[in-house]
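Only one structure is covered here, and it is reproduced in the block below.
Note that this is a predicted model, so its numbers are computed, not measured. Each chain gets a letter, A, B and so on, in the order its sequence line appears, and its residues count up from 1.
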Amino acid sequence: MADDLKIPLLEELEKGPWPSFVSDIKSVADKSEMARDLLRQLEKSYEDKRGYWKHGGLVGVLGYGGGVIGRYSALPEEFPGVSHFHTMRVNQPSGWVYTSKALNEIMDLWDEHGSGLTNMHGSTGDLVLLGTRTEELEPMFQALTQKGWDLGGSGSDMRTPSCCIGPARCEWACYDTLDLCYNLTQEYQDELHRPMFNYKFKFKLAGCPNDCVASQARSDMAIVGVWKDEIQIDKDAYAEYIKDGFNVKEYVVDMCPTGCITADENDIEIDDSNCVKCMHCIARMPKALAPGKERGAALCLGAKAPIVEGALIAQVIVPFMKLEPPYEELHDLIERIWEFWDEHGKARERIGEFIERVSLATFLEGIGLEPLPQMVKQPRDNPYVFYEEYYAEEDEGEDA
Amino acid sequence: MADDLKIPLLEELEKGPWPSFVSDIKSVADKSEMARDLLRQLEKSYEDKRGYWKHGGLVGVLGYGGGVIGRYSALPEEFPGVSHFHTMRVNQPSGWVYTSKALNEIMDLWDEHGSGLTNMHGSTGDLVLLGTRTEELEPMFQALTQKGWDLGGSGSDMRTPSCCIGPARCEWACYDTLDLCYNLTQEYQDELHRPMFNYKFKFKLAGCPNDCVASQARSDMAIVGVWKDEIQIDKDAYAEYIKDGFNVKEYVVDMCPTGCITADENDIEIDDSNCVKCMHCIARMPKALAPGKERGAALCLGAKAPIVEGALIAQVIVPFMKLEPPYEELHDLIERIWEFWDEHGKARERIGEFIERVSLATFLEGIGLEPLPQMVKQPRDNPYVFYEEYYAEEDEGEDA
Amino acid sequence: MATEVERKTDIGPPHYEQFLHPLMKANYGNWKYHETLKPGVLAHTGEAGTLYTVRCASPRLASTNFIRQMTALADKYSDGYLRFTSRNNIEFLLADKENIDPLIDELNQMNIPVGGTNNAVSNVVHTQGWVHCHSSATDASGLVKAVMDELTDYFTSEKLPARVRVAVACCLNMCGAVHASDVAILGVHRTPPRIDNETLPNLCEIPTTVASCPNNAIKPTSIEGKTTVTVDEDKCMYCGNCYTVCPAMPLADPLNDGVSIWVGGKISNARSEPKFTKLAIPYLPNNPPRWPEAVSAVKNIIEVYAENAKPFERMGEWIERIGWPKFFDLTGIEFSKYHLDDFRYAGTTYRRSLHNRY
Amino acid sequence: MATEVERKTDIGPPHYEQFLHPLMKANYGNWKYHETLKPGVLAHTGEAGTLYTVRCASPRLASTNFIRQMTALADKYSDGYLRFTSRNNIEFLLADKENIDPLIDELNQMNIPVGGTNNAVSNVVHTQGWVHCHSSATDASGLVKAVMDELTDYFTSEKLPARVRVAVACCLNMCGAVHASDVAILGVHRTPPRIDNETLPNLCEIPTTVASCPNNAIKPTSIEGKTTVTVDEDKCMYCGNCYTVCPAMPLADPLNDGVSIWVGGKISNARSEPKFTKLAIPYLPNNPPRWPEAVSAVKNIIEVYAENAKPFERMGEWIERIGWPKFFDLTGIEFSKYHLDDFRYAGTTYRRSLHNRY
Ligand code: SRM
Ligand code: SRM
Ligand code: SRM
Ligand code: SRM
Ligand code: SF4
Ligand code: SF4
Ligand code: SF4
Ligand code: SF4
Ligand code: SF4
Ligand code: SF4
Ligand code: SF4
Ligand code: SF4
């Protein structure tokens, strides 16, 4: 039993309406020494206000460089249960959809080979199995693969792609996020499992500009669904909203960032040439409005957290691309991007930092894309232009 | 006569409706060899597509380091009239107001001592006398001072302050731009005439946020009039605008940047707590609206053209200061700013670049001002905070 | 390992299709619209019919027990189909409308809140903290629990002006959403790394270590003939990047570590462009197990926002409308020199216009 | 100099009060409102009465003759009072309304346009050019004359959506308003400085010269025992700052010098915050005496703006409303890699959202 736990500080966190991770860990503490010692070490952290983990070493499964985060307690004698406490990152299915059966199978394996604790899910998207010993990694891996599961990424590799639920349960998906997420994951298994980049490279796929997977904030390549043509308007449904007393002026017209909606009791019109696809009006009236019919996605590069050069939000690199299997144009571009980054990037330099360092113009040249005004908020405001062609004395008057 | 001029290219610029500087220079070419050779050298520039001036040397009047820009022709044998062609920067009166008498006197002196050409005015604001010989500088200077005129700045000194017409002919002036401009010019004669700064330092004074002297774009210290309280509303005058069919919704309400105006046929109301003093509504209805009664100015630092670190628009350093003679608080602050810049700035580093280099926090500390949220568009978005106070092992639990 | 089965690698995840609810397959790519039946309950409709989603909270740090409880509910009410959201909530996918309330009843009996939809505080995107990471300046799971205990009411209702996305990260690496959230709690170190000159020469590559510092605070040096490094304390901003590449430079410091509070970020393109989160409170003490200072700071910010923002206005949009001076006024948070940016793009954050409120 | 009078210094300018029109003194600080009677004619009213202003153009580069003509008009119509505006126009200050039209008639006879008020193209803030400056990549006065000949009609009317401020500068020093104007023409060099190794060692201080380069393109070197400098041509962006501090590094190059066109800046706080001007056309040839390429580019931009902007919308505000892609579309200007920023804050100019028009 867990009465020997003595975790009064942690037990404070069993109170209150929100589900308690402490109670939950306790619930497996009987059968898992790891869970027990995790609580005990954590209690000490709460007392001392500091963590007690050492830098992880290089641990993993055969032939993979990624997918496992090594972790050792700094106090292995005191807390032998967590002397090893590695996590395994299991590649989740597109859209985090499961059946009970599949999930239960994983849980069974994890009770057998690990701590009985998980993160559902990690911030990158993996199904994170939290805490096991070095010698359990390979058996767990093999057991997982037998059930059809594989590991995700870690280290300087492609990271596990993730996507919003998109066409599986959302009327706004502008491309098939689940299919493309699966496709990229399969296409780049090698890049996912064997770190050989300058640094990590994350994909996140959102079906529309609402960006329900935070791709623009948290992935090196954000693939965000968007349309090019007119917002589809169902005038009857619009009339219903009006009839129901919905305040279309205050909640829609006045909140459109470009003021391109004209609407009154009888009619709604959108100047699509000035619409910036923000989704606000559509989200307010999902029955009356829908994204256009010419659908695809914008490809954006470079989002990341602050380390080292400051956080970045992803920048548009392809304003619009049709995305349909077999996605050759996309694969092609991804490979050109990796190649150029590989060759010219520095160690631990994310793609976003790399573009800032070498300049967008150089980057575009390097990957073979033409500059477009959609790639910038504004043209340069400084006069420091690196003019390239200039006349030499001999060829006076002729364009070089 | 000027028929020996042979300036066919320039003469193309005598055509067309806009006043022609060529015709005008020609008009004095008879009496001024300088003007004549200026045209001839300029014609050659038009032929060859390049200038023919050498770097100016150090020329000036006794005891001053500023106020004169030295200039020599690169082709003195061909164009002896402009072998010397120095300009004198005469400090204009506040608001560029003149009487015919005063102006004529200066013109007479300049016909005697110089080329007969001027810039009315230079971009900094001086009455620029364009082109004379080294030996004429001191006589011209003495003649000018006898008539009550003095030189302005050049080089690494305080530059000639300039101001909008403000209270002399504008209903929106929030402080006395002409008086303060005069006051600063007189107070800092030494700084104006004897370059001893790291680089130039310009003052421009605008009576309200319309900034009719471009102070926020072109001066190291921009003093821009503003009010703190409510916009004054004359309801009767408002009714007149409505009666005249003025479209208050389209031209005022919808164009207010913070949407803080409510107005209809009968009434207008402004949520002043959210007004950003942009002046738009006031400018549309000058009879009905006026700046508030609690008036003063914002002090903004650091505007400049791009060389070296990129152009800057002035940044708010004091959101609001009452400005009344004898302006002691302002003098005090200016001197603290100069002192700190002097001590820690680099050669050829403008104050705006200096603040960016040392950081705003350090600068404020250096000049003794408290940080205020009005000084920024937003607080930092990166987590790289230089925390200063921290606990040492000994004083556990106590704030350092 | 001597198993009889063939060792498989690079198979990737299972194909999602096998996990899709039949109605998801039937309406795949052809959904028409959705409605919210009540907080936590969505109805998506397509030609093939309506799918009901019941969303509930999860602690994310979940035991196999917890997951099995969830799968049991799925078996009972949603034909064995369930999913997780991008914010770690759990969604049951129901074909039968009748199952909604019984499912919610059972969840409530298990003390699991149902909600998180639309204008709610949804689940907190967070990180490992003292539970697993060597870098952490604070705990993550504990902070989340303490904060959400105070905000559960905003999870189970939709009474906020708009979505409020809360994030927690335990160090500047920000494994999650701190840099683009409505409200975020970030663990911070406030003292420079302590260098273990004994082990450093063996453990760390000097050039990588030197290069890791964003502010060039690290220089190579030699102590008793061994090459190690030294840190210019004036230049150190406690980011911990050196520690990531060199374990002999730990930053953890129980006396000084703590949390900072951030506000006004967003990710969606709805109305305004995505925005970074900005600093609200530079430092609050680490006060486990319930971090009362951090919790009440977050609560205060959300309540002030709830009272003052217009419908559908995200935290950052609200602040931009009223201006930062007013934000500090209304929340009673002190503005200090730490709020003044001094990093790479600092110059772009200074107020370069007269557009101010007084 | 042996004069009998005492040498005066540091007296400063004359006090402005002696130059103020009596009505300006009487209404000083107490003006009530103003009206525009017609383009170029303003009426400012205060308790003490109404002052009429007639504004006319000036070439700025003005001879003593020209100024005397103006003072003569002032003596005749405005009691000897006149002033210059911050954009180098001339203003006659009239107490008597009856004098307005006769004054305008005389000005027109002298071919001097009256206008520049409100939604007009006002006078062009400009610089020295080949008339006086050693740095120039083009002429200024000639460009202004050529451009304004085409735009005079916009000076004498108020038919534009809002003010259009045009500026010209002859080199990157931008002595004037190029960096914050609705439309600007900027002289540019496009080749690196040519180093005169003979004179450089005597004329220039090496450390200052090296430090002058914003892009660290200049390195010290030694030629035949003398210290001089060398320029890394790949890093040079032709800014001319080295030439400012070191005369032995001229950039002027008749084959390559020319002009660039910039748009969308503003200074006032009206509605939107002050904005920098942005690059529209990276290079057009120097084609004196009338620079037809530059003139027609400017005219085209202004006409497209005039046709498309809403009332009171400045050039930059209009472009922001319709988006830059549309601006390039409507004007037919080609978008190129030169428009992509690569200087200090380049990263902040990239489109970091989905907010695009297609
Ligand atoms: C497990 C996870 C946090 C979680 O609790 O969910 C995590 C945990 C760690 N992250 Fe992370 N990161 C995790 C998602 C993220 C995210 C969010 C995302 O992917 O959407 C980010 C921000 C986005 C980004 O990529 O920038 C993130 C930004 C970082 C960084 C900063 C990278 C940067 O360029 O700014 C580091 C530091 C580094 O790479 O050296 C880092 C490093 C780490 C390390 C490996 C610590 C280290 O210094 O070596 C952490 C291991 C903790 C442990 O003991 O388990 N982690 N990390 C997330 C991965 C789970 C998964 O696979 O699903
Ligand atoms: C005469 C004038 C242009 C004009 O035609 O009106 C002028 C002329 C020169 N400026 Fe200027 N500047 C003049 C107003 C400006 C302005 C506008 C202003 O003051 O409002 C600016 C932009 C605002 C600013 O200060 O940044 C300006 C920014 C520069 C710069 C760039 C400074 C920077 O920090 O970016 C330089 C280069 C330098 O200082 O070395 C410069 C340098 C020069 C020099 C001295 C050339 C040099 O490299 O040494 C020019 C002498 C030309 C000549 O032969 O007469 N001039 N200069 C203006 C002064 C007249 C007067 O006193 O009224
Ligand atoms: C289930 C989920 C996708 C998934 O694959 O897991 C999802 C699902 C929906 N989102 Fe989302 N969003 C989900 C995460 C997000 C995120 C990402 C995040 O929070 O990290 C965002 C960006 C948040 C941000 O900007 O910081 C997001 C921004 C939106 C928006 C834009 C809201 C705004 O005003 O900024 C909408 C549109 C709306 O509802 O107004 C939206 C709308 C929707 C709709 C209505 C789409 C639809 O028609 O089905 C879905 C139900 C919304 C709801 O929760 O009430 N969803 N949504 C995610 C649920 C997370 C959760 O458990 O709380
Ligand atoms: C005379 C002058 C001041 C001076 O001391 O010389 C002046 C005078 C007035 N300005 Fe100005 N402005 C003058 C230069 C400026 C400048 C500076 C510049 O152009 O370099 C600006 C900033 C321009 C910019 O943003 O780039 C300027 C931006 C304004 C504005 C804001 C307009 C806007 O929408 O951005 C107003 C308000 C309005 O009229 O809407 C204004 C309004 C006025 C009023 C109506 C103020 C008043 O009540 O008397 C004056 C008559 C306006 C007119 O010309 O129709 N004035 N005004 C300047 C005339 C210059 C000229 O000859 O053209
Ligand atoms: S990102 Fe768009 S398509 Fe994907 S779930 Fe969110 S709203 Fe639906
Ligand atoms: S999607 Fe956004 S920008 Fe487009 S019309 Fe709707 S609210 Fe306006
Ligand atoms: S800046 Fe303001 S006070 Fe000065 S002239 Fe212009 S409008 Fe009048
Ligand atoms: S001054 Fe500007 S911000 Fe203030 S009420 Fe008028 S239009 Fe709105
Ligand atoms: S935020 Fe920092 S401490 Fe927390 S999991 Fe990520 S790397 Fe570890
Ligand atoms: S903590 Fe960051 S700033 Fe400090 S020395 Fe390490 S890398 Fe440099
Ligand atoms: S812009 Fe350049 S060339 Fe023209 S006057 Fe100024 S410094 Fe001389
Ligand atoms: S022109 Fe400018 S960039 Fe080129 S070498 Fe000279 S200072 Fe450097």
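For Leu109(A), no part lies near chain C; criterion is any non-hydrogen pair under 4.5 Å. With a 4.5 Å cut-off on non-hydrogen atoms, Leu93(C) touches chain A through its side chain but not through its backbone. Proximity to chain C (any heavy atom under 4.5 Å) is shown, for Leu9(A), by both the backbone and the side chain. In this structure, chain C has heavy atoms under 4.5 Å from both the backbone and the side chain of Leu178(A). Neither the backbone nor the side chain of Glu187(A) comes within contact range of chain C, judged by heavy atoms closer than 4.5 Å. Only the backbone of Gln92(A) has a heavy atom closer than 4.5 Å to any heavy atom of chain C. If you measure heavy-atom distances from Ile106(A) to chain C, you find no contacts under 4.5 Å at all. With a threshold of 4.5 angstrom between heavy atoms, Lys204(A) does not approach chain C through any atom at all. Contacts of Cys170(A) with chain C are made by backbone atoms alone, with heavy-atom separations under 4.5 Å and no side-chain atom involved. Both the backbone and the side chain of Val61(A) come within less than 4.5 Å of a heavy atom in chain C. Residue contact with chain A, scored on non-hydrogen atoms closer than 4.5 Å, is absent for Lys310(C). Looking at Phe343(C), only its side chain comes within 4.5 Å of chain A, counting heavy atoms on both sides. Within the 4.5 angstrom heavy-atom criterion, only side-chain atoms of Thr185(A), from C-beta onward, approach chain C. Both the backbone and the side chain of Ala311(A) come within contact range of chain C, with heavy atoms under 4.5 Å apart. At a 4.5 Å heavy-atom cutoff, the contact between Tyr64(A) and chain C is made by side-chain atoms alone. Contacts between Lys287(A) and chain C at a heavy-atom distance below 4.5 Å involve backbone atoms as well as side-chain atoms.
A side-chain donor-acceptor contact under 3.5 Å links Asn65(C) to the backbone of Ser27(A). Listed for the Glu35(C) side chain is no donor-acceptor partner under 3.5 Å among the backbone atoms of Pro286(A). Using a distance-only test at 3.5 Å, with no hydrogens or angles considered, a donor-acceptor pair links the side chain of Ser123(A) to the main chain of His126(C). Not a single donor-acceptor pair under 3.5 Å links the side chain of Asp150(A) to the backbone N or O of Pro13(C). Gln216(A) places no side-chain N or O within 3.5 Å of a backbone atom of Pro274(C) that could act as its donor or acceptor partner. The backbone N or O of Pro17(A) sits nowhere less than 3.5 Å from a side-chain atom of Thr152(C) that would complete a donor-acceptor pair. Formation of a donor-acceptor pair under 3.5 Å by the Ser100(A) side chain with backbone atoms of Ala74(C) is not found in this model. Of the possible donor and acceptor atoms, none in the side chain of Glu171(A) sits under 3.5 Å from a partner among the backbone N and O of Asn30(C). In terms of modelled atom types and a separation under 3.5 Å, the side chain of Trp31(C) and the main chain of Pro167(A) share a donor-acceptor contact. The backbone N or O of Lys49(A) sits nowhere less than 3.5 Å from a side-chain atom of Asn286(C) that would complete a donor-acceptor pair.
The number of heavy-atom neighbours closer than 6.0 Å to NZ of Lys25(C), taken from other residues, nucleotides and ligands shown, is above 12. Other residues, nucleotides and ligands place more than 12 heavy atoms under 6.0 Å from the NZ atom of Lys31(A).
Using cut-offs of 30° and 60° for the angle between ring planes, the Phe85(A) and His132(C) rings count as tilted. Between Phe155(C) and Trp18(A), the ring-plane angle classifies as perpendicular under the 30° and 60° cut-offs.
Residues Arg68(C) and Asp111(A) share a closest heavy-atom pair of NH2-OD2, 2.6 Å. The minimum heavy-atom distance linking Lys304(A) with His179(C) is given by the pair O-NE2, 3.5 Å. The two atoms that bring Pro311(C) and Met255(A) nearest to each other are O-CE, 3.4 Å, heavy atoms only.
Looking only at heavy-atom pairs under 4.5 Å with chain C, the residue among Ile165(A), Val224(A), Asp211(A), Val276(A) that has the most is Ile165(A).
A salt bridge is defined here as a Lys NZ or Arg NE, NH1 or NH2 lying under 4.0 Å from an Asp or Glu carboxylate O, and Asp139(C) with Arg50(A) fails to meet this definition. Glu138(A) and Arg7(C) are joined by a salt bridge, as a carboxylate oxygen and a charged side-chain nitrogen come within less than 4.0 angstrom of each other. Between Lys145(C) and Glu12(A) no salt bridge is recorded (no basic side-chain N to carboxylate O distance below 4.0 Å).
Residues Glu91(C) and Val97(A) have side chains not in contact (no heavy-atom distance under 4.5 Å, counting atoms from C-beta outward). Contact annotation: the side chain of His193(A) never approaches that of Thr9(C) to less than 4.5 Å [non-hydrogen atoms, C-beta and beyond]. Using a 4.5 Å heavy-atom threshold, the side chains of Thr53(C) and Arg169(A) count as touching. The shortest distance between side-chain heavy atoms of Met120(A) and Arg60(C) does not fall below 4.5 Å. Looking only at side-chain heavy atoms (C-beta outward), Pro254(C) and Asp48(A) stay at 4.5 Å or farther from each other. Contact annotation: the side chain of Trp149(A) never approaches that of Lys8(C) to less than 4.5 Å [non-hydrogen atoms, C-beta and beyond]. No side-chain heavy atom of Phe66(C) sits under 4.5 Å from any side-chain heavy atom of Thr118(A). In this structure, Cys133(C) and Arg71(A) have side chains that are in contact, with non-hydrogen atoms separated by less than 4.5 Å.
From Trp130(C), atom CH2 reaches atom NZ of Lys44(A) across 12.5 Å, with rounding to the nearest 0.5 Å.
In this structure, Trp291(C) has its ring center closer than 6.0 angstrom to the ring center of Tyr46(A). Between Tyr98(A) and Phe84(C), the gap from one ring centroid to the other is short of 6.0 Å. Ring centroid separation for the pair His134(C) and Tyr52(A) does not come in under the 6.0 Å cut-off.
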Exercise. Please step through salt bridge (charged side-chain N to carboxylate O under 4.0 Å, His left out) for the pair Lys32(C) and Asp234(A), ending with a clear verdict.
Key: CA-CA 11 Å; Lys32(C) 294 276 167 273; Asp234(A) 177 335; over 6 Å; no
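For the residue pair Arg348(A)/Ser212(C), the side-chain donor-acceptor check at 3.5 Å is not satisfied. A donor and an acceptor atom, one from each side chain of Asn210(A) and Ser268(C), are nowhere located under 3.5 Å apart.
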